[in-house]
Engineer: 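Structure provided below as C-alpha coordinates; questions to follow.
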Amino acid sequence: MVGKHSWAIPEGFIPEGSTGPEPEMTSHGTVCVLNTQEEDATVEITVYFTDREPVGPYEETVPAERTSHIRFNDLEEPEPIPRGEDFATVIESDVPVVCQHTRLDSRQAENALLSTIAHPGDS
Amino acid sequence: MDEEPRDEEANATWTNWSGSVSFEPDRILEPENEDELRAIVRRCAEEGRTVRVAGEGHSWTPVVETDDVVVSLGNMTGLVSCDADAGTATVRGGTTLDEAVTELHERNLAMENLGDVTLQKVAGAVGTGTHGTGPAFENLAGSLVGGRLVTGTGEVREFDAESDPDLLDAVRVSLGSLGILTELRLDVRPTYKLQRREYCARFEDAWGHFEELVEENRNFDFYWYPRSDEVKLRLLNPPGGGTDASDLEYATLVELDTNWWHEAIPAHNEIGRKFEEMEYAVPREVGEECFLEVRDRVKERWRSDVGWRLLVRTVAADETYLSTEYDRETVTISCIQNAELDHEEYFEDIEPIFREYDGRPHWGKNHTLRAPELSELYPEWDRFQEVRRELDPEGVFTSEYLADLLGGVAADRTAPSGGVRG
(Lines give C-alpha, C1' and ligand atoms only; values in the text may rest on other atoms or scores of the structure.)
Protein backbone atom coordinates (compact mmCIF):
# COMPACT_ATOMS: atom_id res chain seq x y z
CA MET A 1 0.00 0.00 0.00
CA VAL A 2 1.43 3.33 -1.02
CA GLY A 3 0.09 6.55 0.43
CA LYS A 4 -1.70 8.27 3.26
CA HIS A 5 -5.25 9.38 3.89
CA SER A 6 -4.41 12.99 4.64
CA TRP A 7 -1.98 15.54 3.29
CA ALA A 8 -1.26 19.21 3.80
CA ILE A 9 0.20 21.81 1.44
CA PRO A 10 0.99 24.97 3.39
CA GLU A 11 2.11 26.75 0.24
CA GLY A 12 -0.51 28.05 -2.15
CA PHE A 13 -0.73 31.06 -4.47
CA ILE A 14 -2.22 31.53 -7.92
CA PRO A 15 -0.41 34.41 -9.63
CA GLU A 16 -2.69 36.88 -11.35
CA GLY A 17 -0.59 37.23 -14.48
CA SER A 18 0.62 34.78 -17.07
CA THR A 19 2.93 34.63 -20.07
CA GLY A 20 2.57 32.25 -22.97
CA PRO A 21 -0.18 30.19 -24.54
CA GLU A 22 -3.14 29.08 -22.48
CA PRO A 23 -3.91 26.80 -20.79
CA GLU A 24 -0.46 25.18 -20.62
CA MET A 25 1.42 28.28 -19.51
CA THR A 26 -1.30 29.84 -17.37
CA SER A 27 0.13 30.53 -13.92
CA HIS A 28 -1.39 27.93 -11.67
CA GLY A 29 -1.17 25.75 -8.61
CA THR A 30 -1.75 22.03 -8.81
CA VAL A 31 -2.06 19.10 -6.46
CA CYS A 32 -0.98 15.89 -8.14
CA VAL A 33 -2.75 12.92 -6.58
CA LEU A 34 -1.48 9.39 -7.19
CA ASN A 35 -3.92 6.60 -6.42
CA THR A 36 -2.23 3.19 -6.62
CA GLN A 37 -5.17 1.41 -4.99
CA GLU A 38 -7.62 -0.82 -6.78
CA GLU A 39 -10.55 1.40 -5.91
CA ASP A 40 -11.41 5.00 -6.73
CA ALA A 41 -10.35 7.66 -4.27
CA THR A 42 -12.80 10.35 -3.20
CA VAL A 43 -10.64 13.33 -2.36
CA GLU A 44 -11.80 16.29 -0.32
CA ILE A 45 -9.79 19.49 -0.40
CA THR A 46 -10.19 22.19 2.23
CA VAL A 47 -8.65 25.58 1.50
CA TYR A 48 -7.25 27.80 4.25
CA PHE A 49 -6.68 31.54 3.99
CA THR A 50 -4.79 34.15 5.98
CA ASP A 51 -7.77 36.26 6.95
CA ARG A 52 -10.99 34.28 6.71
CA GLU A 53 -12.56 30.95 7.50
CA PRO A 54 -11.58 27.86 5.49
CA VAL A 55 -13.58 27.01 2.39
CA GLY A 56 -14.52 23.53 1.31
CA PRO A 57 -14.56 20.73 0.89
CA TYR A 58 -13.95 20.65 -2.83
CA GLU A 59 -14.62 17.09 -3.91
CA GLU A 60 -12.75 15.27 -6.66
CA THR A 61 -12.48 11.64 -7.71
CA VAL A 62 -9.18 10.01 -8.59
CA PRO A 63 -9.90 6.72 -10.35
CA ALA A 64 -8.26 3.49 -9.22
CA GLU A 65 -4.64 3.11 -10.32
CA ARG A 66 -4.61 6.56 -11.88
CA THR A 67 -3.15 9.95 -11.17
CA SER A 68 -5.10 13.18 -11.32
CA HIS A 69 -3.50 16.59 -11.51
CA ILE A 70 -6.03 18.95 -10.00
CA ARG A 71 -5.47 22.59 -10.86
CA PHE A 72 -6.53 24.86 -8.05
CA ASN A 73 -7.33 27.45 -10.73
CA ASP A 74 -10.14 25.29 -12.06
CA LEU A 75 -12.00 24.54 -8.84
CA GLU A 76 -15.45 26.13 -8.99
CA GLU A 77 -17.50 24.78 -6.14
CA PRO A 78 -18.07 25.84 -3.43
CA GLU A 79 -16.22 28.87 -4.83
CA PRO A 80 -13.23 29.67 -7.02
CA ILE A 81 -9.95 30.12 -5.18
CA PRO A 82 -8.99 33.77 -5.59
CA ARG A 83 -5.88 34.58 -7.56
CA GLY A 84 -3.20 36.70 -5.98
CA GLU A 85 -3.95 35.52 -2.42
CA ASP A 86 -2.00 33.21 -0.13
CA PHE A 87 -3.75 29.99 0.72
CA ALA A 88 -3.01 26.49 1.97
CA THR A 89 -4.73 23.18 1.46
CA VAL A 90 -5.51 20.00 3.34
CA ILE A 91 -6.33 16.96 1.24
CA GLU A 92 -8.23 14.05 2.73
CA SER A 93 -8.88 10.84 0.85
CA ASP A 94 -10.95 7.77 1.68
CA VAL A 95 -8.18 5.52 0.35
CA PRO A 96 -4.43 6.02 0.70
CA VAL A 97 -2.96 8.33 -1.95
CA VAL A 98 0.23 10.28 -2.52
CA CYS A 99 0.09 14.04 -3.03
CA GLN A 100 2.59 16.38 -4.62
CA HIS A 101 2.26 20.07 -5.18
CA THR A 102 3.43 22.18 -8.11
CA ARG A 103 3.10 25.83 -8.95
CA LEU A 104 3.82 27.40 -12.30
CA ASP A 105 4.52 31.10 -12.09
CA SER A 106 4.67 32.48 -15.62
CA ARG A 107 4.28 36.15 -14.80
CA GLN A 108 7.60 36.69 -16.53
CA ALA A 109 8.57 34.97 -19.74
CA GLU A 110 11.40 33.10 -18.00
CA ASN A 111 8.96 30.74 -16.38
CA ALA A 112 9.46 29.21 -12.98
CA LEU A 113 8.13 25.89 -11.78
CA LEU A 114 8.01 25.03 -8.11
CA SER A 115 7.39 21.47 -7.02
CA THR A 116 7.39 19.87 -3.59
CA ILE A 117 6.00 16.80 -1.96
CA ALA A 118 3.07 17.51 0.32
CA HIS A 119 3.26 16.85 4.02
CA PRO A 120 1.66 13.50 4.89
CA GLY A 121 -0.65 13.06 7.82
CA ASP A 122 -0.39 10.25 10.35
CA SER A 123 -2.88 7.93 8.73
CA MET B 1 -60.30 38.41 1.42
CA ASP B 2 -63.86 37.59 2.41
CA GLU B 3 -63.73 33.90 1.71
CA GLU B 4 -60.38 32.25 2.14
CA PRO B 5 -59.48 29.64 -0.47
CA ARG B 6 -58.24 26.26 0.68
CA ASP B 7 -54.58 25.49 1.18
CA GLU B 8 -53.93 28.94 2.35
CA GLU B 9 -50.46 29.48 3.65
CA ALA B 10 -50.36 32.87 5.27
CA ASN B 11 -47.13 34.61 6.25
CA ALA B 12 -45.04 32.00 4.49
CA THR B 13 -41.73 32.99 2.98
CA TRP B 14 -41.26 32.46 -0.71
CA THR B 15 -37.68 31.93 -1.86
CA ASN B 16 -36.34 31.35 -5.33
CA TRP B 17 -33.98 28.56 -6.29
CA SER B 18 -30.72 30.39 -5.66
CA GLY B 19 -31.92 32.20 -2.55
CA SER B 20 -31.40 35.65 -4.06
CA VAL B 21 -35.13 36.50 -4.06
CA SER B 22 -36.95 36.04 -0.78
CA PHE B 23 -40.09 37.73 0.43
CA GLU B 24 -43.18 37.25 2.56
CA PRO B 25 -46.36 37.54 0.54
CA ASP B 26 -49.61 38.06 2.37
CA ARG B 27 -50.71 34.61 1.22
CA ILE B 28 -49.49 31.72 -0.87
CA LEU B 29 -52.51 29.94 -2.36
CA GLU B 30 -52.56 26.59 -4.09
CA PRO B 31 -55.85 26.13 -5.95
CA GLU B 32 -56.93 22.60 -6.73
CA ASN B 33 -58.39 23.44 -10.10
CA GLU B 34 -59.19 26.15 -12.58
CA ASP B 35 -62.45 27.13 -10.90
CA GLU B 36 -60.69 27.79 -7.61
CA LEU B 37 -58.05 29.77 -9.41
CA ARG B 38 -60.71 31.87 -11.14
CA ALA B 39 -62.35 32.57 -7.80
CA ILE B 40 -59.04 33.70 -6.35
CA VAL B 41 -58.35 36.06 -9.23
CA ARG B 42 -61.89 37.46 -9.18
CA ARG B 43 -61.75 38.17 -5.48
CA CYS B 44 -58.33 39.74 -5.76
CA ALA B 45 -59.58 41.93 -8.61
CA GLU B 46 -62.57 43.03 -6.57
CA GLU B 47 -60.43 43.82 -3.55
CA GLY B 48 -57.67 45.54 -5.50
CA ARG B 49 -55.09 42.93 -4.65
CA THR B 50 -52.13 41.85 -6.70
CA VAL B 51 -51.73 38.23 -7.79
CA ARG B 52 -48.48 36.75 -8.97
CA VAL B 53 -48.19 33.20 -10.21
CA ALA B 54 -45.18 31.22 -9.09
CA GLY B 55 -43.52 28.53 -11.13
CA GLU B 56 -40.72 26.48 -9.69
CA GLY B 57 -38.83 29.62 -8.65
CA HIS B 58 -35.90 29.11 -10.96
CA SER B 59 -35.88 32.74 -12.09
CA TRP B 60 -33.34 35.09 -10.60
CA THR B 61 -35.47 38.20 -11.13
CA PRO B 62 -38.21 39.09 -8.61
CA VAL B 63 -40.87 38.29 -11.19
CA VAL B 64 -43.01 36.56 -8.54
CA GLU B 65 -42.41 39.03 -5.74
CA THR B 66 -45.40 40.75 -4.18
CA ASP B 67 -46.51 41.58 -0.68
CA ASP B 68 -49.98 40.41 -1.68
CA VAL B 69 -51.06 37.04 -3.12
CA VAL B 70 -48.85 34.39 -4.68
CA VAL B 71 -50.58 31.55 -6.49
CA SER B 72 -48.78 28.25 -6.97
CA LEU B 73 -50.02 25.76 -9.54
CA GLY B 74 -48.46 22.83 -7.67
CA ASN B 75 -51.84 21.07 -7.53
CA MET B 76 -52.60 21.58 -11.19
CA THR B 77 -50.21 19.19 -12.88
CA GLY B 78 -50.04 16.40 -15.41
CA LEU B 79 -50.84 15.60 -18.97
CA VAL B 80 -54.39 16.49 -20.04
CA SER B 81 -54.38 14.90 -23.47
CA CYS B 82 -52.24 14.20 -26.46
CA ASP B 83 -52.95 13.87 -30.14
CA ALA B 84 -50.15 12.10 -31.94
CA ASP B 85 -51.76 12.68 -35.34
CA ALA B 86 -52.04 16.42 -34.79
CA GLY B 87 -48.63 16.50 -33.11
CA THR B 88 -49.86 18.23 -29.99
CA ALA B 89 -50.08 17.52 -26.29
CA THR B 90 -51.78 19.52 -23.55
CA VAL B 91 -50.30 19.80 -20.06
CA ARG B 92 -51.47 21.65 -16.98
CA GLY B 93 -49.54 24.77 -16.10
CA GLY B 94 -48.05 23.43 -12.88
CA THR B 95 -46.42 20.45 -14.55
CA THR B 96 -42.65 20.53 -14.42
CA LEU B 97 -40.73 20.06 -17.63
CA ASP B 98 -39.25 16.92 -16.15
CA GLU B 99 -42.71 15.48 -15.53
CA ALA B 100 -43.92 16.58 -18.97
CA VAL B 101 -41.06 15.03 -20.91
CA THR B 102 -41.41 11.78 -18.98
CA GLU B 103 -45.13 11.59 -19.66
CA LEU B 104 -44.62 12.42 -23.31
CA HIS B 105 -41.90 9.84 -23.73
CA GLU B 106 -44.10 7.15 -22.20
CA ARG B 107 -46.52 7.89 -25.04
CA ASN B 108 -43.78 7.83 -27.65
CA LEU B 109 -43.94 11.59 -27.99
CA ALA B 110 -41.29 14.24 -27.55
CA MET B 111 -40.62 17.94 -27.65
CA GLU B 112 -38.32 19.23 -30.34
CA ASN B 113 -35.93 20.76 -27.87
CA LEU B 114 -35.29 21.53 -24.24
CA GLY B 115 -33.25 24.02 -22.28
CA ASP B 116 -30.48 22.99 -19.92
CA VAL B 117 -32.74 22.48 -16.93
CA THR B 118 -36.05 20.65 -16.50
CA LEU B 119 -36.98 21.49 -12.95
CA GLN B 120 -39.04 24.50 -14.05
CA LYS B 121 -42.78 24.30 -14.41
CA VAL B 122 -43.88 24.37 -18.03
CA ALA B 123 -45.85 27.60 -17.68
CA GLY B 124 -42.89 29.34 -16.08
CA ALA B 125 -40.37 28.08 -18.60
CA VAL B 126 -42.59 29.19 -21.47
CA GLY B 127 -43.53 32.49 -19.87
CA THR B 128 -39.93 33.58 -19.36
CA GLY B 129 -38.67 32.54 -22.79
CA THR B 130 -36.50 29.67 -21.58
CA HIS B 131 -34.57 28.16 -24.45
CA GLY B 132 -32.17 25.50 -25.55
CA THR B 133 -29.74 25.69 -28.42
CA GLY B 134 -29.76 25.12 -32.16
CA PRO B 135 -30.37 27.52 -35.03
CA ALA B 136 -33.42 25.54 -36.16
CA PHE B 137 -35.17 25.70 -32.80
CA GLU B 138 -37.17 28.51 -31.26
CA ASN B 139 -37.25 28.97 -27.52
CA LEU B 140 -39.64 26.78 -25.55
CA ALA B 141 -42.41 29.37 -25.89
CA GLY B 142 -42.34 28.66 -29.62
CA SER B 143 -43.80 25.22 -28.95
CA LEU B 144 -46.91 26.74 -27.35
CA VAL B 145 -49.73 26.56 -29.88
CA GLY B 146 -52.76 27.09 -27.66
CA GLY B 147 -54.16 26.76 -24.20
CA ARG B 148 -56.32 28.17 -21.45
CA LEU B 149 -55.62 31.37 -19.59
CA VAL B 150 -57.31 32.81 -16.51
CA THR B 151 -57.37 36.53 -17.21
CA GLY B 152 -57.28 39.47 -14.82
CA THR B 153 -61.08 39.49 -14.61
CA GLY B 154 -61.19 35.84 -13.61
CA GLU B 155 -62.48 34.72 -16.98
CA VAL B 156 -61.07 31.77 -18.89
CA ARG B 157 -59.76 32.60 -22.32
CA GLU B 158 -59.11 29.72 -24.68
CA PHE B 159 -56.70 30.55 -27.45
CA ASP B 160 -54.81 28.97 -30.30
CA ALA B 161 -52.87 29.90 -33.38
CA GLU B 162 -55.90 29.69 -35.66
CA SER B 163 -58.43 31.62 -33.63
CA ASP B 164 -56.21 34.35 -32.24
CA PRO B 165 -52.63 34.45 -33.47
CA ASP B 166 -52.02 37.91 -32.00
CA LEU B 167 -53.03 36.71 -28.56
CA LEU B 168 -50.77 33.69 -28.90
CA ASP B 169 -47.82 35.88 -29.87
CA ALA B 170 -48.45 38.00 -26.79
CA VAL B 171 -49.07 35.16 -24.35
CA ARG B 172 -46.10 33.02 -25.24
CA VAL B 173 -43.65 35.17 -23.30
CA SER B 174 -45.63 37.26 -20.85
CA LEU B 175 -44.28 36.63 -17.33
CA GLY B 176 -47.74 35.95 -16.00
CA SER B 177 -48.71 39.53 -16.75
CA LEU B 178 -51.60 38.64 -19.06
CA GLY B 179 -53.07 35.87 -17.01
CA ILE B 180 -52.34 32.50 -15.51
CA LEU B 181 -51.84 29.63 -17.93
CA THR B 182 -53.78 26.66 -16.64
CA GLU B 183 -53.32 24.49 -19.72
CA LEU B 184 -50.71 24.65 -22.44
CA ARG B 185 -51.03 22.90 -25.77
CA LEU B 186 -47.55 22.16 -27.08
CA ASP B 187 -46.17 21.08 -30.41
CA VAL B 188 -44.78 17.57 -30.06
CA ARG B 189 -43.33 14.95 -32.37
CA PRO B 190 -42.62 11.21 -32.26
CA THR B 191 -39.98 10.36 -29.73
CA TYR B 192 -36.40 10.05 -30.96
CA LYS B 193 -32.84 9.34 -30.03
CA LEU B 194 -29.86 11.65 -30.08
CA GLN B 195 -26.15 11.11 -29.87
CA ARG B 196 -24.36 13.42 -27.51
CA ARG B 197 -20.68 14.16 -28.01
CA GLU B 198 -18.68 16.43 -25.76
CA TYR B 199 -15.18 17.64 -26.53
CA CYS B 200 -12.60 19.68 -24.68
CA ALA B 201 -10.35 22.04 -26.59
CA ARG B 202 -8.19 25.10 -26.29
CA PHE B 203 -10.24 28.18 -27.02
CA GLU B 204 -7.80 29.37 -29.68
CA ASP B 205 -8.02 26.05 -31.50
CA ALA B 206 -11.79 25.81 -31.40
CA TRP B 207 -12.90 29.37 -31.95
CA GLY B 208 -12.49 29.50 -35.72
CA HIS B 209 -14.90 26.58 -36.02
CA PHE B 210 -17.81 28.12 -34.15
CA GLU B 211 -19.96 28.92 -37.17
CA GLU B 212 -19.46 25.54 -38.85
CA LEU B 213 -20.25 23.75 -35.59
CA VAL B 214 -23.49 25.71 -35.29
CA GLU B 215 -24.44 24.89 -38.88
CA GLU B 216 -23.42 21.25 -38.95
CA ASN B 217 -25.03 20.09 -35.73
CA ARG B 218 -28.62 19.82 -34.56
CA ASN B 219 -27.77 21.27 -31.18
CA PHE B 220 -24.42 22.86 -30.52
CA ASP B 221 -23.29 24.96 -27.60
CA PHE B 222 -20.11 25.54 -25.73
CA TYR B 223 -18.86 26.43 -22.30
CA TRP B 224 -15.88 28.70 -21.97
CA TYR B 225 -13.82 28.34 -18.83
CA PRO B 226 -12.44 31.74 -17.90
CA ARG B 227 -9.58 30.52 -15.76
CA SER B 228 -8.05 28.10 -18.24
CA ASP B 229 -9.30 29.65 -21.50
CA GLU B 230 -10.47 26.20 -22.54
CA VAL B 231 -13.86 25.24 -23.97
CA LYS B 232 -16.17 22.30 -23.81
CA LEU B 233 -18.06 21.71 -27.05
CA ARG B 234 -21.41 19.92 -26.88
CA LEU B 235 -22.80 18.37 -30.07
CA LEU B 236 -26.17 16.61 -30.26
CA ASN B 237 -27.35 14.91 -33.40
CA PRO B 238 -29.29 11.95 -34.70
CA PRO B 239 -26.93 9.00 -34.15
CA GLY B 240 -24.05 9.21 -36.61
CA GLY B 241 -24.89 12.77 -37.67
CA GLY B 242 -23.24 16.11 -37.16
CA THR B 243 -19.68 17.27 -37.62
CA ASP B 244 -17.41 14.43 -38.69
CA ALA B 245 -15.01 13.33 -35.97
CA SER B 246 -12.09 13.79 -38.35
CA ASP B 247 -12.93 17.50 -38.50
CA LEU B 248 -12.60 17.77 -34.74
CA GLU B 249 -8.94 16.86 -34.46
CA TYR B 250 -8.30 20.03 -32.49
CA ALA B 251 -10.53 18.72 -29.69
CA THR B 252 -10.51 15.74 -27.32
CA LEU B 253 -13.63 13.59 -27.05
CA VAL B 254 -14.61 13.27 -23.39
CA GLU B 255 -18.18 11.98 -23.61
CA LEU B 256 -20.07 9.88 -26.12
CA ASP B 257 -23.59 8.76 -25.40
CA THR B 258 -26.61 7.80 -27.46
CA ASN B 259 -29.90 8.04 -25.67
CA TRP B 260 -33.51 9.10 -25.85
CA TRP B 261 -33.94 12.81 -26.51
CA HIS B 262 -34.77 13.84 -22.95
CA GLU B 263 -31.78 11.95 -21.59
CA ALA B 264 -29.38 13.24 -24.23
CA ILE B 265 -30.32 16.92 -24.21
CA PRO B 266 -28.91 18.49 -21.06
CA ALA B 267 -31.83 18.31 -18.64
CA HIS B 268 -30.65 18.84 -15.11
CA ASN B 269 -33.56 18.46 -12.73
CA GLU B 270 -31.36 18.51 -9.66
CA ILE B 271 -28.62 21.09 -9.53
CA GLY B 272 -26.40 20.83 -6.51
CA ARG B 273 -24.54 23.98 -7.28
CA LYS B 274 -26.53 27.11 -6.76
CA PHE B 275 -25.49 30.02 -8.88
CA GLU B 276 -26.51 33.43 -10.17
CA GLU B 277 -26.83 34.01 -13.87
CA MET B 278 -27.11 36.85 -16.36
CA GLU B 279 -27.84 36.07 -19.97
CA TYR B 280 -28.31 38.27 -23.00
CA ALA B 281 -29.41 37.35 -26.50
CA VAL B 282 -27.59 39.29 -29.20
CA PRO B 283 -28.16 39.15 -32.95
CA ARG B 284 -26.48 36.07 -34.34
CA GLU B 285 -24.39 38.03 -36.82
CA VAL B 286 -22.60 39.85 -34.01
CA GLY B 287 -22.59 36.98 -31.54
CA GLU B 288 -18.97 35.99 -32.05
CA GLU B 289 -17.75 39.56 -31.83
CA CYS B 290 -19.74 40.15 -28.67
CA PHE B 291 -18.47 37.00 -27.04
CA LEU B 292 -14.88 37.91 -27.82
CA GLU B 293 -15.34 41.26 -26.15
CA VAL B 294 -16.92 39.64 -23.11
CA ARG B 295 -14.09 37.12 -22.96
CA ASP B 296 -11.50 39.89 -23.09
CA ARG B 297 -13.22 41.73 -20.26
CA VAL B 298 -13.48 38.63 -18.10
CA LYS B 299 -9.82 37.80 -18.68
CA GLU B 300 -8.82 41.36 -17.93
CA ARG B 301 -10.88 42.01 -14.82
CA TRP B 302 -12.66 38.96 -13.43
CA ARG B 303 -10.39 35.96 -13.46
CA SER B 304 -9.41 36.51 -9.86
CA ASP B 305 -12.91 35.92 -8.59
CA VAL B 306 -14.91 34.17 -11.30
CA GLY B 307 -14.39 30.48 -11.87
CA TRP B 308 -17.72 29.55 -13.40
CA ARG B 309 -17.98 28.96 -17.09
CA LEU B 310 -19.81 31.12 -19.64
CA LEU B 311 -22.37 29.35 -21.81
CA VAL B 312 -22.92 30.22 -25.47
CA ARG B 313 -25.94 28.97 -27.43
CA THR B 314 -27.98 29.83 -30.52
CA VAL B 315 -31.75 30.20 -30.88
CA ALA B 316 -33.99 30.60 -33.94
CA ALA B 317 -35.99 33.75 -34.62
CA ASP B 318 -39.69 33.89 -33.77
CA GLU B 319 -42.65 36.27 -33.79
CA THR B 320 -43.43 36.31 -30.08
CA TYR B 321 -43.77 39.93 -29.04
CA LEU B 322 -41.55 39.81 -25.97
CA SER B 323 -39.28 36.99 -27.05
CA THR B 324 -35.59 37.75 -26.90
CA GLU B 325 -35.51 36.14 -30.35
CA TYR B 326 -38.26 38.31 -31.81
CA ASP B 327 -37.51 38.84 -35.50
CA ARG B 328 -33.90 37.76 -35.21
CA GLU B 329 -31.74 34.71 -34.77
CA THR B 330 -29.65 35.08 -31.68
CA VAL B 331 -26.53 34.00 -29.93
CA THR B 332 -27.11 33.86 -26.19
CA ILE B 333 -24.25 34.40 -23.75
CA SER B 334 -24.57 33.51 -20.07
CA CYS B 335 -22.37 34.72 -17.25
CA ILE B 336 -22.52 32.62 -14.09
CA GLN B 337 -21.24 33.14 -10.56
CA ASN B 338 -21.54 31.09 -7.38
CA ALA B 339 -24.68 32.04 -5.47
CA GLU B 340 -22.71 32.61 -2.26
CA LEU B 341 -20.33 35.09 -3.87
CA ASP B 342 -20.91 38.63 -5.05
CA HIS B 343 -22.20 38.73 -8.59
CA GLU B 344 -23.52 42.27 -8.92
CA GLU B 345 -20.24 43.97 -9.75
CA TYR B 346 -19.30 41.28 -12.27
CA PHE B 347 -22.65 41.42 -14.03
CA GLU B 348 -22.78 45.23 -13.96
CA ASP B 349 -19.41 45.34 -15.68
CA ILE B 350 -20.39 42.91 -18.43
CA GLU B 351 -23.95 44.09 -19.04
CA PRO B 352 -22.98 47.27 -20.98
CA ILE B 353 -21.12 45.09 -23.48
CA PHE B 354 -24.27 43.12 -24.17
CA ARG B 355 -26.19 46.34 -24.57
CA GLU B 356 -23.65 47.68 -27.08
CA TYR B 357 -24.56 44.71 -29.23
CA ASP B 358 -28.28 45.37 -29.02
CA GLY B 359 -28.73 42.50 -26.60
CA ARG B 360 -32.00 41.60 -24.97
CA PRO B 361 -31.83 40.23 -21.43
CA HIS B 362 -33.34 36.89 -20.51
CA TRP B 363 -36.53 37.73 -18.62
CA GLY B 364 -35.81 35.31 -15.81
CA LYS B 365 -32.15 36.10 -15.27
CA ASN B 366 -30.26 38.96 -13.66
CA HIS B 367 -30.31 42.26 -15.52
CA THR B 368 -30.94 45.91 -14.73
CA LEU B 369 -33.18 47.01 -17.59
CA ARG B 370 -36.62 48.45 -17.02
CA ALA B 371 -39.53 49.53 -19.20
CA PRO B 372 -37.91 52.64 -20.76
CA GLU B 373 -34.98 50.59 -22.08
CA LEU B 374 -36.89 47.39 -22.76
CA SER B 375 -39.60 49.12 -24.79
CA GLU B 376 -36.87 50.21 -27.20
CA LEU B 377 -35.75 46.63 -27.70
CA TYR B 378 -39.10 45.15 -28.64
CA PRO B 379 -40.84 46.44 -31.80
CA GLU B 380 -44.16 44.95 -30.74
CA TRP B 381 -44.04 46.40 -27.24
CA ASP B 382 -47.16 48.51 -27.77
CA ARG B 383 -49.15 45.61 -29.23
CA PHE B 384 -48.24 43.58 -26.18
CA GLN B 385 -49.51 46.38 -23.98
CA GLU B 386 -52.79 46.45 -25.90
CA VAL B 387 -53.33 42.77 -25.18
CA ARG B 388 -52.34 43.37 -21.58
CA ARG B 389 -54.89 46.13 -21.18
CA GLU B 390 -57.55 43.88 -22.66
CA LEU B 391 -56.80 40.81 -20.54
CA ASP B 392 -55.88 42.51 -17.29
CA PRO B 393 -57.56 45.93 -17.36
CA GLU B 394 -57.12 46.53 -13.63
CA GLY B 395 -53.54 45.35 -13.43
CA VAL B 396 -54.27 42.49 -11.06
CA PHE B 397 -51.11 40.75 -12.22
CA THR B 398 -48.95 43.86 -12.04
CA SER B 399 -46.66 43.87 -9.04
CA GLU B 400 -44.29 46.68 -8.23
CA TYR B 401 -41.52 44.91 -10.12
CA LEU B 402 -43.74 44.22 -13.12
CA ALA B 403 -44.79 47.88 -13.17
CA ASP B 404 -41.14 48.89 -13.38
CA LEU B 405 -40.31 46.18 -15.87
CA LEU B 406 -43.26 46.41 -18.22
CA GLY B 407 -44.76 49.78 -17.34
CA GLY B 408 -48.14 50.31 -18.91
CA VAL B 409 -51.21 48.83 -17.33
CA ALA B 410 -52.36 50.45 -14.14
CA ALA B 411 -48.83 51.18 -13.00
CA ASP B 412 -50.22 53.76 -10.62
CA ARG B 413 -52.28 51.04 -8.98
CA THR B 414 -49.19 49.33 -7.69
CA ALA B 415 -47.24 52.36 -6.56
CA PRO B 416 -45.57 52.33 -4.14
CA SER B 417 -46.31 48.68 -3.54
CA GLY B 418 -48.75 45.99 -4.65
CA GLY B 419 -52.29 45.82 -3.40
CA VAL B 420 -52.71 49.37 -2.16
CA ARG B 421 -56.46 49.16 -2.61
CA GLY B 422 -56.70 46.05 -0.45
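Side chains included, hydrogens not; waters and symmetry mates left out as well; all remaining heavy atoms used. Numbers restart at 1 for each chain; the letters A, B, ... are given by sequence-line order, proteins then strands.
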Engineer: Taking all heavy atoms of Pro23(A) and all of Ser228(B), pick out the closest pair and write down the distance.
Structural biologist: CB-O, 3.2 Å
Engineer: How long is the span from the CZ atom in Phe275(B) to the CD atom in Glu76(A), to the nearest 0.5 Å?
Structural biologist: 10.5 Å
Engineer: CD of Glu212(B): more than 12 outside heavy atoms within 6.0 angstrom?
Structural biologist: yes
Engineer: Relative to chain B, which segment of Glu24(A) carries a heavy atom at a distance below 4.5 Å: side chain, backbone, both, or neither?
Structural biologist: side chain
Engineer: Specify which of Ser304(B), Pro226(B), Gly307(B) makes the most heavy-atom pairs with chain A at under 4.5 Å.
Structural biologist: Ser304(B)
Engineer: Can you name the nearest heavy-atom pair linking Pro82(A) to Asp305(B), along with the distance?
Structural biologist: CB-OD1, 4.4 Å
Engineer: Does some side-chain heavy atom of Pro78(A) sit less than 4.5 Å from a side-chain heavy atom of Glu340(B)?
Structural biologist: no
Engineer: Taking the side chain as everything from C-beta on, heavy atoms only, tell me whether His28(A) gets closer than 4.5 Å to Arg227(B).
Structural biologist: no
Engineer: Under 3.5 Å, side chain of Arg202(B) to main-chain N/O of Glu22(A), donor-acceptor pair present?
Structural biologist: yes
Engineer: CD of Glu300(B): more than 12 outside heavy atoms within 6.0 angstrom?
Structural biologist: yes
Engineer: Between Asn338(B) (side chain only) and Glu77(A) (backbone N and O only), is there a donor and an acceptor less than 3.5 Å apart?
Structural biologist: no
Engineer: In terms of heavy-atom pairs under 4.5 Å, which option from Asn73(A), Ile14(A), Leu75(A), Asp74(A) contacts chain B the most?
Structural biologist: Asn73(A)
